[in-house]
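Just below is one structure, and these are the notes that go with it.
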Amino acid sequence: MIQIFVDENACNGCGLCVKDCPMKVFEMVSGVSVPRRPENCMGCLSCHEICPAQALEHRGVVPSRRMYISSKVCSMLNRVI
Amino acid sequence: MSKSFVEESKQNFQHDLVFRTEDVPLKCNPPAAELEQTLHGLMQMNGYIIRSLEEIAGRGANAVTFRAGKKFGHEVAKYFQKKDDVEEALRELSYILYGQYSFEPWKPSDKDHYIVEEDGSTFIYLVFHDCIVRQTLRRIGQAQSGPLCQTLCGYVVGAIEEITGRRAKLEIVHTGPNACLKKLILK
């Protein structure tokens, strides 16, 4: 099962994850997003991408293949980083 | 003295290989693992074709791409076993989509069954994990659930119609960067 952790110090309470999740996994409690129904999470990671504070962490998600990442660009980034 | 581009090209494309009619190539050359640039070129070209189609044809683009996918689905599924049972049909579908798309049946935790019969039709939610459509859209920075996603919908609908012999529909419920939720309806 997928586990979701919200960094309460980072969450700015914008509620984007609450609006975006089709399975109503999140709820706002005292201005902070709380994963109330993590058992309904299908691991689409929309909330992860949409969160402006990057306050979310998912564990146990099946990662899809990432064929769109160019190894040429990655090698250039690695040199810079 | 450096060679001109024409001289260089001529040298690159010179080969003393004798190709006979019986020489059927049995494997990719170069190996598939080295085809990254080819794959990315194809993904980008495909993405731009779809984007241009949407700009010119507007909402009609969805119908065009759906039909293209559906034809493809019917064509591919012709050679697979026909199944009446929905679960077995989905297994067949997973064989058809192997290597391009992967999916799993899905249900909210408060529901008892994956396959639901309602008003003479059957529906099931599917979570698509691997998807070459999503990969392509992300490669060129285009939004999901547009005409390219309709290609996959058409593909699945065509394949499942061919396997089950029933009319099908695939609705996009939600799209995400890692997985998408779709509702398959069989009539």
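Numbers restart at 1 for each chain; the letters A, B, ... are given by sequence-line order, proteins then strands. Bear in mind that the values here come from a model prediction, so they are computed numbers and not experimental data. Computed over heavy atoms, backbone and side chain alike; hydrogens, waters and symmetry mates excluded.
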Where on [X] is there a heavy atom nearer than 4.5 Å to chain B: the side chain, the backbone, both, or neither?
X: I69(A); value: backbone
X: M23(A); value: side chain
X: R66(A); value: both

> Just by modelled atom types, is the P108(B) backbone N or O under 3.5 Å from a matching donor or acceptor in the N40(A) side chain?
Replying inline: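 Here the side-chain-to-backbone pair does not exist.
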Per-residue contacts, [range] versus chain A, heavy atoms under 4.5 Å:
range: residues 38-69 of chain B; answer: L39(B), H40(B), M43(B)
range: residues 125-143 of chain B; answer: V127(B), H129(B), D130(B), I132(B), R134(B), Q135(B), R138(B), R139(B)
range: residues 70-103 of chain B; answer: G99(B), Q100(B)
range: residues 169-184 of chain B; answer: H174(B), T175(B), G176(B), P177(B), N178(B), A179(B), L181(B)

Answer yes or no: does atom [atom1] of [X] have more than 12 heavy-atom neighbours from other residues, nucleotides or ligands under 6.0 Å?
X: Q37(B); atom1: CD; result: no
X: K10(B); atom1: NZ; result: no
X: E39(A); atom1: CD; result: yes
X: E36(B); atom1: CD; result: yes

>> Below 4.5 Å, heavy-atom pairs only: which of G43(A), P63(A), C21(A) has the largest tally toward chain B?
In response: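 The option with the most such pairs is G43(A).
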Path from [X] to [Y] over hydrophobic side-chain contacts below 4.5 Å:
X: L152(B); Y: L186(B); value: yes
X: I2(A); Y: V18(A); value: yes
X: W106(B); Y: F123(B); value: yes
X: L45(A); Y: M42(A); value: yes
X: M28(A); Y: V32(A); value: no

>> If I take atom SG from residue C44(A) and atom CD from residue Q144(B), how far apart are they, to the nearest 0.5 angstrom?
In response: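 Those atoms lie 9.5 Å apart.
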